[in-house]
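What follows is one structure encoded as structure tokens, with my remarks underneath.
What you see is a predicted model; the values in this text were computed from it and never measured. Throughout, a chain's letter reflects where its sequence line sits, starting with A, and its residues are numbered from 1.
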Number of protein chains: 2
Amino acid sequence: MRLSTRAQYAVRAMVDLSLYSQGRPVSLKEISRREEIPLNYLEQLFFRLKKGQIVTSVRGPGGGYVLAREESAIKVGEIVVTVEEQLNPVACLDEGDRSCQREARCLTHTVWQGLGERIKGFLDSITLEDLTRGARARHADEGNNGNGACRTAG
Amino acid sequence: MRLSTRAQYAVRAMVDLSLYSQGRPVSLKEISRREEIPLNYLEQLFFRLKKGQIVTSVRGPGGGYVLAREESAIKVGEIVVTVEEQLNPVACLDEGDRSCQREARCLTHTVWQGLGERIKGFLDSITLEDLTRGARARHADEGNNGNGACRTAG
DNA sequence: TACATACTTGACAATTATAGTAAGGTATGC
DNA sequence: GCATACCTTACTATAATTGTCAAGTATGTA
């Protein structure tokens, strides 16, 4: 029942972007350095995030990525789904899957279905704003180095 | 964010056992046939389930497995954790993991922690009894072949 | 215009986890 | 004493995931 590191990285990177952007483009190089995520790997993630219309890009020198919407309108669930493709706990819940033909009679089906809904619901109840709010406050307070996001894991 | 098939099989097998047992031992051969799960694979699962004190075994001819407790006292979450080992969505929540040292400052940590709690909470809110109740009613009604559990997936 | 920056995209390799197989052993009832 | 059925370990194939490499394209600035 593990979330891919892709998804974990994506959320961390988005939090980082959100904290350091202030409307200006942030380069992946920066995020890569701060979050200790391989640059090439980040590129793949942001390719997806852009397709998912969660970020927009600015090319050329001084370019980078910007949030496509305001923090409060970006849900963690969205980020995860965009890079993860599937959030369903079991394959037979995926759209287009026809292997589970006994759906109506399957006793366990409803459990996994319910579980999937809970997971999605929970992650959709949290926005980027929720995640950065605390860090911003601290940041303003302490004037520290601003490492709001966890670099190593989690 | 996928549950292993091990966990799915285990829950299905437990539902099957629960439905067909009535206090008597049910052999894995039977369950294997009904649920179309490889016998050797089932043996591995029940090895774990026994260690987890969810079932007890009866050796010798006519033997098999029996629920260790009554249906209403066996939670789906227990079954999953027993065969799955980890239910945490991210590694840094595992006990003994020390890689996430910024726990206190990590913005995303609490999200995964909350997610893990929801998952566990949901699966622990469902018992074997909940799953078999409906099937028993139908079974009594229809006198059908009793395929309460989904064979192919889910 | 030239160049540096930084996004864009596809292909690929290494690692790891999972699913499933195989095989042999042990206990027990008939 | 034999058949049944649990017990246990080891192994292999396959797939997914993670991460790397490389070669582009667009664009702002000097």
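Among the atoms of the strands shown, only primed sugar atoms or phosphate atoms (P, OP1, OP2) are found under 4.0 Å from some heavy atom of B:Y65. Across all strands shown, A:F47 has heavy atoms under 4.0 Å from sugar-phosphate atoms exclusively, and none from any base.
Residues B:S57 and B:K50 bring a donor and an acceptor atom of their side chains to less than 3.5 Å of each other. In this structure, a donor-acceptor pair under 3.5 Å is absent between the side chains of B:Q8 and A:T108.
Between A:Y9 and A:Y41, the ring planes are perpendicular. Angles over 60° get that label, and only those under 30° would be called parallel.
Rounded to whole angstrom, the span from the CG atom of A:L45 across to the C1' atom of D:dG19 amounts to 11 Å. With rounding to whole Å, B:R59 atom CZ is found 17 Å from D:dT4 atom P. The nearest whole Å value for the distance from the CD atom in A:E36 to the P atom in D:dT18 is 18 Å. One interatomic measurement links the two molecules: CZ of B:R48 to C1' of C:dA19, which rounds to 12 Å at whole-angstrom precision. D:dC7 atom P lies 12 Å from atom CG of B:L39, rounded to whole Å. The distance between atom NZ of B:K50 and atom C1' of D:dT8, rounded to the nearest whole Å, is 12 Å. Separating the NZ atom of A:K51 from the C1' atom of C:dG10 is a distance of 12 Å, rounded to the nearest angstrom. At whole-Å resolution of the value, CZ in B:R33 and P in D:dA5 are 10 Å apart.
For A:E43 against D:dT20, a side-chain-to-base donor-acceptor contact under 3.5 Å is absent. Under 3.5 Å, the side chain of A:Q44 and the base of D:dT20 form at least one donor-acceptor pair of N or O atoms.
In this model, the phosphate group of C:dT8 is approached by a side-chain N or O of A:S57 to a distance below 4.0 Å at OP1 or OP2. At least one side-chain nitrogen or oxygen of B:T5 sits closer than 4.0 Å to the OP1 or OP2 atom of C:dA19. Considering only side-chain N and O atoms, A:Y9 lies nowhere under 4.0 angstrom from the phosphate OP1 or OP2 of D:dT18.
The side chain of B:S4 has C:dA19 as its nearest neighbour among C:dA19, D:dT20, C:dT21. The side chain of B:P61 has D:dA3 as its nearest neighbour among D:dC6, D:dA3, D:dA22. When each of D:dT20, C:dC7, D:dA5 is scored by its nearest atom to the side-chain atoms of A:L28, the top-ranked nucleotide is C:dC7.
Of the residues near DNA chain D, A:L3 and B:G63, the one whose nearest nucleotide (by heavy atom distance) lies more toward the 5' end is B:G63.
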Requested in this report: Evaluate the side-chain hydrogen bond (donor to acceptor under 3.5 Å, both in side chains) criterion for residues A:T132 and A:E71: first the C-alpha distance (whole Å), next the side-chain angles of each, then the deciding distance (0.1 Å), finally the verdict.
Outcome: CA-CA 9 Å; A:T132 56; A:E71 285 182 322; 2.9 Å; yes
**Report entry** Residue pair B:R33, B:K29: steps toward the side-chain contact (heavy atoms from CB on, under 4.5 Å) verdict
**Finding:** CA-CA 6 Å; B:R33 185 165 21 79; B:K29 210 171 174 179; 5.8 Å; no
